[in-house]
Every structure is written in C-alpha cells, then in structure tokens.
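Model, not experiment: these values are computed from the prediction.
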Amino acid sequence: MAGLTSSCLILPLVSEACLETMLGIKDEKNDSVVREWQTALDFHGKGHLEVIPILVGSVDSKGAYNHFSGFGMAERLPEARILDSPTNATVKDTVKSLFSLQGVFLNPSDVSDKIGMIQARFSSQVWPAYRNKWVNQAELGPEPRYNCVQCLQDFAESENGEGSCRFHLYDGPEGARRGNIYSCCNVEDSALGCTRNHHRRKHHNDYQYGSFYGWRQNMMGYTHTSTAFAAVAANDFISDETINVSLGAVTKAFAPEANKLFVDAGISDMVWFSTFSRAEISSAHAGNPIFSIKNEQGEWAEATWIEGTEHQIVGVTIRCATKTSRNPSTATVMFSWPDANNEPVASAVEYARTAEFGEVPLLPDSGENPYKFPSAARYSGEKIVEVQVRDRDDSLPQYKSPNTKFRATFQAGYCRHEMKNRVDSFNVVMRVLNGDKDISSIANVRAFARLRVPEGELVALKVPDDGSNLVIASVWKKAPNVAVALSKDPYNQNILPKLVNGMESVELGVTVDLSAEKYCTDNAQGQRKLFSWIAYKAGYPIVLDIEFEDINGEVFGCLVEFPITSMRLTEPKQEAVYALACDDAISCDRSIIQYHSILESPNDAEEMDPTFVRNNSTRFCFSNTVGSFPSTQKVSISTFRRFVLAAEAEHAGSPDRLVTVDATEPIFNVRLPYNDNFDEIPFRAYAYAVIDLSRRSVVAIRFKTVSRTMMVIGYLPIPAYGDALDAEALGVSTVSVSATDTIQGWLEEERGMQDMSAGARAPVAQGMAPVSLRVKFESTRTNEGKESAGQVNVEALAAALTPLLTKQIEESVTASFQKTIDILLARIEELEVERKVQLTVSPASGPNVPHPSVASTSALSNDPVRVRRESSSVSFSDIFKGLRWGGPKK
C-alpha cells in the first residue's frame with residue numbers, strides 16, 4: 001500500500017486465470033489482489049494516479065497466442081465485499097470498473113512492443129500531470145511547457161490548477177484577434193473568456209469550448225484534408241432535424257492529425273468528433289464504445305469498434321436513429337493501414353438494408369391510378385373571358401390641313417392598364433416632318449378616342465353613359481389628359497411648343513390617359529396589365545385621333561388603332577407535369593398551382609447510406625403563381641412522412657383507411673389563416689395530403705384554389721416513394737387498394753361542379769421521375785442477378801407520375817360578383833324612370849360634325865365622317881336589354 005500512495009501509474013495484471021480464482025470469493029474474505037485494485041481505482045477517481053490495466057493473454061502448448069477474452073467473466077463474479085475493503089464496491093463492480101479503463105493487451109511471450117507503448121503513454125499523458133508532485137523538483141530539471149488547445153496559451157502542469165484556463169464556448173481564441181465579438185458573452189477580448197477549467201493538451205469531447213470547432217473544421221471543412229469512408233443519417237420527421245455519423249481518414253494535408261482515423265457525429269446542437277492514430281487503435285478495447293450520445297428528443301448516435309479473429313481492431317460500426325425511425329441507419333466499415341506512413345483505407349463498406357419509415361408498396365398490377373382519383377379538374381364560378389385577338393389596322397388615314405407644312409406619320413404604339421389608378425395609358429410614337437424650308441413650331445396637341453364598332457352594330461355598354469367624356473363609346477370623345485415628349489426623353493412631357501428646323505423631322509411620344517373607372521369593379525385590385533381594360537370590357541378596339549396644331553392654327557395628325565391583344569395570363573412552366581388554374585374575373589388575374597419533381601442529391605452522396613440518399617434526393621416542387629410573381633416550394637419525402645405521423649396521431653383508432661391532413665403551409669410556404677381581405681390578395685390556395693394509413697403513405701394531394709369569382713379543385717396522385725420502392729428491405733408483403741369509398745364521398749361534394757377539361761388527362765411525367773442512385777463501392781448486380789444493397793429500384797422510381805385533375809366550385813363564391821351586377825341593373829332602372837331618355841340617334845347614322853380637313857378622305861368604313869365632342873344618346877332601356885354577362889357579340 002505504501003507503494004501505491006507514492007506512485008503515479010499502476011499497471012494491474014489481469015488474466016482469465018486470475019479472474020477464475022475470484023469466482024469463489026465470499027463476504028469478509030481477505031483478498032489482497034482485489035484490495036489493491038480497489039485502492040488503485042479509488043486513488044484514480046480522486047486524481048492521485050493513473051491506471052492502465054494490462055490484459056494478459058495465454059500461450060498454448062504449440063506456442064499459439066490466445067487474446068485475452070475474459071470480459072464476460074465480470075458478470076459471473078460474486079457480489080461479495082472483501083475484508084478491510086477501502087471502498088464499498090463488490091468484487092464484481094471492481095472488475096467491471098477496471099474493464100472500463102483503456103487497457104493494453106499483452107502477449108506474455110512477446111512484450112517488447114507493449115513496453116514501448118506503455119512508456120510513450122506514460123511520457124505523454126501520465127508523467128506531465130504528476131511531475132509537480134515529485135519531492136525533489138530540482139533533480140528533474142526545467143519543467144516542460146505545453147500549448148493548451150482551449151485557450152491556445154502555453155502552460156506547465158504545476159500551473160494547471162482549477163480554473164487556470166479561460167476560454168469561450170462558441171468561438172476560438174483567434175476570433176477576437178480579428179475584432180469579432182464572441183457570441184457566447186458579447187465581449188471582444190479573448191483574455192476575458194467566459195468559462196474556466198483546467199488547461200488541456202489534447203482536443204476532447206468532455207465539454208464545449210470554442211477552438212474545438214475550428215480544429216474540427218480544418219479537417220472536415222475541406223475535401224483535401226479528409227476522406228470519408230461512409231456516412232449514415234436519420235431524420236426526425238416531426239422536428240425536421242437530421243442527425244448524422246461519418247467515418248474516414250485525415251490526409252497528410254492536415255499535418256497535426258495526418259494519417260489518423262476520424263469519427264464525426266452531429267445531433268441537433270451537439271457535436272462529437274475525435275481522431276485516432278494507429279497506435280491508439282491497437283490498444284483500444286473493443287468492448288468499450290467509441291462514443292454514445294443521446295439528447296432529450298430521443299435522437300441518438302453511436303460508434304463501436306469491430307474486433308477481428310486475432311482480437312485486434314479491424315473496423316467500426318456507426319449507427320444513428322431518431323424517435324420516428326423504424327430502424328437505425330447503420331454502416332459497417334472495415335479498414336487497415338497498408339502503409340504505416342500513410343492514411344488508413346476502407347477495405348469494405350456495408351450498409352444495413354432496412355426500412356427507414358415503413359411505406360408499404362402496392363401490388364404490381366395496381367395501375368397508374370389505383371385509387372381512382374378524378375382525371376379532370378372541376379370548377380364553379382366565372383372564368384376569365386378570353387378576348388378575340390385582333391391585329392392593328394394600319395390603313396387608317398393620316399391627314400393635314402391644306403395650309404400646314406407639317407405631316408405626322410405613325411411609328412409605334414402600345415398600351416397598358418394601371419389597375420391601381422384605374423387608367424388606360426396609350427402611348428403613340430410619331431414622326432413629325434417639317435416640309436418647309438423655314439423653321440416652324442408645333443404649338444398644341446389634342447386627342448379623341450372611340451371604340452371601333454362594325455357598322456350597324458350597337459355597343460352593349462356595361463356601364464351607363466352619363467354624358468361625360470369618361471366613358472368611351474362608339475362616338476368620338478375628347479381625351480382629358482394628353483402629354484407630348486421627345487421619344488428619346490419620355491420623362492419630359494411638356495415640350496410644346498416645339499421648334500422644328502426646315503426640312504427636318506422630330507420623333508415625338510404622345511401619351512393619352514383614358515379613365516377606366518366606370519369599367520372597373522369597386523374592389524378590383526392587381527398589378528399593371530399590358531392591355532387596354534376598356535377594350536377588354538367593351539370587346540372592341542380603341543381608336544385614337546392624335547391632332548397637332550401648328551403655330552398658325554393649322555392641324556395635322558393621324559388615326560391609330562390599338563388592337564385587342566392577348567391578355568398574357570400566367571402559363572404553366574415548361575417543366576410542370578401538373579397544372580391547376582383558377583381565375584379572378586374581377587382583376588383578370590390567374591393563379592396556377594404547378595408540380596414537378598427534381599433530383600437534388602445530398603452532399604457526399606457517394607459515401608452515404610443509399611437509403612438515406614434515395615429518400616433525400618427527391619424533391620416535390622409545388623408552385624402557386626399569381627400574375628408574374630411565382631413562388632416555388634421544394635417538399636421532401638421527410639415532409640410527406642410528417643404528414644403521415646400527424647394523420648396517425650389525429651385518426652388513432654379510426655376505422656378509416658384514407659384520411660386527409662392540412663398541408664397548405666408546408667407545400668405553399670404560406671401562413672394560415674389568410675387575410676380575409678380578398679382585395680389585397682385575390683386568391684386563396686389550399687392543399688390537403690391524402691393518406692393511406694394502411695400503407696403509411698401520402699397517395700395524393702388535393703388542391704383547392706378560391707378567388708373572388710371562381711373555385712377549383714384537383715387531385716395530384718403521388719407515386720410510390722421511400723421504403724415502398726424496396727419491398728425486400730421492408731420485409732412485408734405488398735397490399736392492394738380496397739378503400740375507395742372515402743374518395744367517392746369527397747366526390748359527392750363536388751358533383752355540382754363542371755369539368756374544366758372533361759375526359760382530359762394531365763401529361764404523364766415521362767423522364768421526370770428520379771433515376772438510379774448508387775454508391776461508388778457497390779456493384780450494380782450480384783451474380784444471381786439480384787439488386788445489390790445500394791441499388792435503388794429503378795422500375796419503381798421511373799414509373800410515370802400521372803397528375804389527375806378534378807375541379808370544384810361553390811355557388812357562394814360568385815355572390816359578391818352577382819351583387820355588383822344587381823346594383824348596376826337597379827341603378828339603370830332608376831335612371832330610366834328619372835331621365836326618360838329615348839333612343840333617337842344611332843351612333844352609325846346620326847348627325848355628325850365634319851372635320852374640315854378630312855371630310856373626303858376618312859378611311860373608317862363604319863364612320864364616313866368623324867364625330868367629336870358629342871355624347872351618344874342611348875336609352876337605358878336598350879342598355880338594360882343589351883346587358884349580359886359574357887361580353888358583347890363578337
């Protein structure tokens with residue numbers, strides 16, 4: 001005992017024969033060996049000395065070495081307490097505590113290599129910690145100093161007391177030298193570390209410190225400093241957290257840890273990382289795990305050594321799982337050091353082929369649409385009425401007074417509707433030529449507008465004409481707002497009068513704003529539109545008469561027609577394999593739900609578990625577009641599994657096989673509930689995941705889009721995914737579809753709706769499905785022709801996605817729209833009674849005021865003489881008869 005109290009290292013010899021003698025120990029029996037081990041362990045626990053168990057094997061009569069394998073004997077030892085025990089531990093507990101320490105295996109016939117290992121361990125780990133306890137320090141010479149990995153300061157063990165090291169938790173000490181503020185304590189000075197502990201010479205995982213992350217990043221953050229052998233990962237489908245464990249080698253590019261094996265793991269905000277040299281691994285105890293961590297959410301990860309037939313460490317098993325994992329993700333890696341001066345290499349890697357979640361496949365003959373989802377979208381309400389596109393009539397006349405030298409020619413024209421201000425803005429580019437030799441001036445400009453209506457046809461205006469110039473009809477009306485600018489300087493719109501040199505021309509831009517107030521519904525909101533709102537609502541093109549006046553009062557100008565162009569409504573993207581459109585007829589906006597799938601393999605996919613790669617490579621892309629502002633959300637298989645877990649919790653004990661859960665927020669990335677003000681956002685999009693509980697699978701997404709005038713419902717079938725692509729790994733039989741009554745019940749609610757494309761089928765997504773994924777160390781086929789462990793089921797993945805459409809609308813959607821029409825008709829009747837206006841003049845044949853300059857040259861076939869400043873006298877009874885939803889007769 002005197003020797004123990006004055007020692008800093010104890011090497012207890014442990015053999016199977018020694019343990020056999022301890023099986024018969026009873027309470028209060030004297031055993032000096034057990035007492036010595038207990039005393040050594042007690043001193044070790046108090047920090048007085050180190051203990052390195054020497055695990056002695058045996059040599060048989062033929063000279064063959066048998067590795068020590070007595071670890072299992074600890075469970076057979078008695079629960080007895082010896083006489084004069086320095087602790088209260090039993091024999092069994094004492095031996096188990098000894099086995100928990102890092103020991104050294106010893107061949108009794110060859111101890112030379114182990115002696116060197118023990119000496120190196122004593123010099124580097126034991127003696128520096130106990131040197132300062134030597135009585136005569138002078139005879140030891142100068143005390144060595146070491147660099148602390150936590151604070152990066154030099155220290156001697158004699159100075160390494162409690163709290164001697166100050167460090168930060170999240171950032172390394174070098175951070176402050178760059179002027180950074182430490183996130184753990186909001187200070188800049190590294191000397192003011194917010195945490196104290198002992199100095200440490202080697203990086204560790206005992207507690208958190210900032211420089212650890214920089215040390216790890218130097219190896220894991222660059223492809224040239226480390227090589228991964230294998231990686232496993234597991235998803236928590238409720239919290240959407242991912243945990244992972246990887247194993248590999250540090251290359252020579254990072255000299256401090258070169259040629260070592262690394263093990264890396266991450267769980268939420270927990271990180272475990274360490275490196276192991278060849279010598280450290282050779283002395284490792286296979287019965288002790290490399291690491292094992294678990295958090296409060298039930299996520300865990302671990303790594304264990306694999307022992308070979310010669311009782312040496314030959315490999316590592318890495319595993320991880322979450323509380324939603326059906327089986328842990330597991331990889332077994334066998335490695336070796338072919339060359340002592342180089343890094344280790346992986347000789348074999350094998351992933352466990354098990355179900356990650358448990359999606360169940362259908363029978364092979366189930367067909368493209370086994371659940372009989374409707375193949376056509378259904379709707380109710382009002383679609384946007386597509387206008388009949390008309391080309392511009394460029395034969396309209398140009399004209400001028402006989403006494404003017406100016407002449408105007410049309411160059412280009414376009415229009416747009418500013419919905420916020422409810423104004424149609426028409427822009428005309430004209431070239432004005434001064435045909436005289438002398439300089440002259442353009443003094444003024446006027447503009448008149450009308451609808452171009454075929455001869456003899458009465459315009460069924462949708463708003464009453466109150467005699468003002470604000471309602472464009474089939475007779476000329478003076479435009480209240482006209483601006484002129486140089487075409488190269490459109491922002492300066494007040495250039496008149498404009499001097500033009502003799503025999504020269506100038507290019508002018510004329511802007512004419514016409515109020516569309518009376519053509520707009522009160523709650524019409526939206527963005528700028530590249531067509532005329534007035535022309536769209538009236539159903540006829542707009543004709544402008546641009547009339548300039550020179551300095552002498554003479555006029556010249558031309559007529560310009562603005563054709564009815566396409567409304568340029570939102571169209572599905574080229575890659576979309578499913579599209580569901582909904583119109584808002586008030587603002588002429590179209591929302592389109594679109595779907596396609598893509599592949600986005602995780603980083604380092606070649607070294608990762610093929611099951612995890614397969615389940616985290618497929619992205620289901622959903623877009624919900626309004627006008628020209630699309631938003632795309634990428635949804636993974638993990639999100640689908642979260643839907644299933646939510647459905648299982650919500651419908652626990654329910655006999656229903658098919659159920660739905662709200663999937664709007666994850667699929668469209670919007671927060672519910674919506675703002676009730678439809679004027680700000682004229683569309684509401686909803687998504688519901690249709691789940692087959694017996695298959696643990698999302699089998700379809702049911703979409704519903706509502707605008708102020710329309711509602712649309714459609715179904716997108718989801719093909720098999722996840723574990724359903726690998727029935728062998730799942731270990732269960734396929735199932736058939738037998739519960740379609742639930743779907744038919746939903747369809748009953750949609751029976752009153754109309755097919756948007758009766759009998760039509762959405763395009764099949766040929767070539768859009770994910771393709772085969774492999775890891776680099778796996779073969780494509782085995783000798784028997786079966787798929788290897790890493791081979792994804794190509795046939796199942798390549799199955800075409802068949803988006804099927806169905807649409808549904810409620811009558812209540814158009815209630816507000818119909819109310820607007822009712823108010824308008826009531827007002828018309830009031831005006832009919834009050835004003836008693838009779839139809840006396842036809843717009844095409846009534847009295848006209850001829851323009852002196854064009855009385856004989858007008859090219860308008862239905863308007864031989866242009867009429868200006870005169871409001872048409874159309875009776876409200878005729879307007880009432882002509883008022884019909886759907887627009888005028890084309």
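- A donor-acceptor pair is defined here as one N or O able to donate and one able to accept, closer than 3.5 Å; such a pair exists between the side chain of Asn327 and the backbone of Ala355.
- Residues Glu356 and Asn615 bring a donor and an acceptor atom of their side chains to less than 3.5 Å of each other.
- Side-chain atoms of Thr225 do not come within 3.5 Å of backbone N or O of Ala253 as any donor-acceptor pair.
- Side-chain atoms of Asp27 come within 3.5 Å of backbone N or O of Arg81 as a donor-acceptor pair.
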Show the atom names and distances, to 0.1 Å, of all donor-acceptor pairs under 3.5 Å that link a side chain in residues 12-21 to residues at least two apart or in another chain.
from, atom 1, to, atom 2, distance (Å)
Ser15, OG, Cys18, N, 3.2
Glu16, OE2, Ser69, N, 3.1
Glu16, OE2, Ser69, OG, 3.3
Thr21, OG1, Cys18, O, 2.5

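- Judged by distance alone, the side chain of Thr90 and the main-chain N or O of Glu79 form no donor-acceptor pair under 3.5 Å.
- Using modelled atom types and a 3.5 Å distance limit, the side chains of Gln150 and Tyr207 yield a donor-acceptor pair.
- Scanning both residues, Leu645 and Thr324, for their nearest heavy atoms gives CD1-CG2, 3.7 Å.
- Side chain to side chain, Glu157 and His198 fail the donor-acceptor criterion of an N or O pair below 3.5 Å.
- When all heavy atoms of Phe229 and Val349 are compared, the pair lying nearest together is O-CG2, 4.0 Å.
- Side-chain atoms of His203 and Tyr209 form a donor-acceptor pair, as typed in the model, at a separation below 3.5 Å.
- With Phe291 as the partner, the side-chain contact (heavy atoms from CB on, under 4.5 Å) test is satisfied by one option alone out of Ile318, Val245, Thr304: Val245.
- Of the N and O atoms on the side chains of Ser268 and Glu299, at least one donor lies less than 3.5 Å from an acceptor on the other residue.
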**Request:** Please assess Asp42 against Lys46 for the test salt bridge (charged side-chain N to carboxylate O under 4.0 Å, His left out), listing each intermediate value before the final yes or no.
**Result:** CA-CA 6 Å; Asp42 183 44; Lys46 295 176 181 178; 3.4 Å; yes

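- For the pairing with Phe276, the ring pair (Phe, Tyr, Trp, His ring centres under 6.0 Å) check across Trp305, Phe335, Phe262, Trp337 returns one residue only, Trp305.
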**Asked** Given Thr227 and Thr251, is the side chain to side chain contact (heavy atoms under 4.5 Å, CB included) satisfied, shown in steps?
**Response** CA-CA 7 Å; Thr227 301; Thr251 68; 3.8 Å; yes

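- Of all non-hydrogen atoms in Ala234 and Ser325, the two that sit nearest each other are CB-OG, 4.0 Å.
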**Residues Glu75, Lys92; criterion salt bridge (charged side-chain N to carboxylate O under 4.0 Å, His left out); working and verdict** = CA-CA 7 Å; Glu75 295 296 332; Lys92 179 178 181 179; 3.3 Å; yes

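- Using a 4.5 Å heavy-atom threshold, the side chains of Leu55 and Leu106 count as separate.
- Val314 and Glu307 make their closest contact through CG2-C, 4.0 Å (heavy atoms, listed as atom of the first residue, atom of the second, distance).
- Under the side-chain hydrogen bond (donor to acceptor under 3.5 Å, both in side chains) test applied with Asn235, the options Asp240, Thr322, Asn616 reduce to a single match, Asn616.
- If you check the side chains of Thr275 and Glu257, you find a donor sitting under 3.5 Å from an acceptor.
- Closest of all the heavy-atom pairs between Arg641 and Gly722 is NH2-CA, 3.8 Å.
- Of the N and O atoms on the side chains of Glu350 and Thr332, not one donor lies less than 3.5 Å from an acceptor on the other residue.
- Annotation: cation-pi pair Arg642/Phe237 absent, no NZ/CZ under 6.0 Å from the ring centroid and within 45° of its normal.
- Listed by chain and number, the residues in a ring-ring contact (aromatic ring centres under 6.0 Å, His included) with Trp300 amount to none (sequence neighbours excluded).
- Taking the charged nitrogens against the carboxylate oxygens, Glu159 and Arg145 do have a contact shorter than 4.0 Å, which makes a salt bridge.
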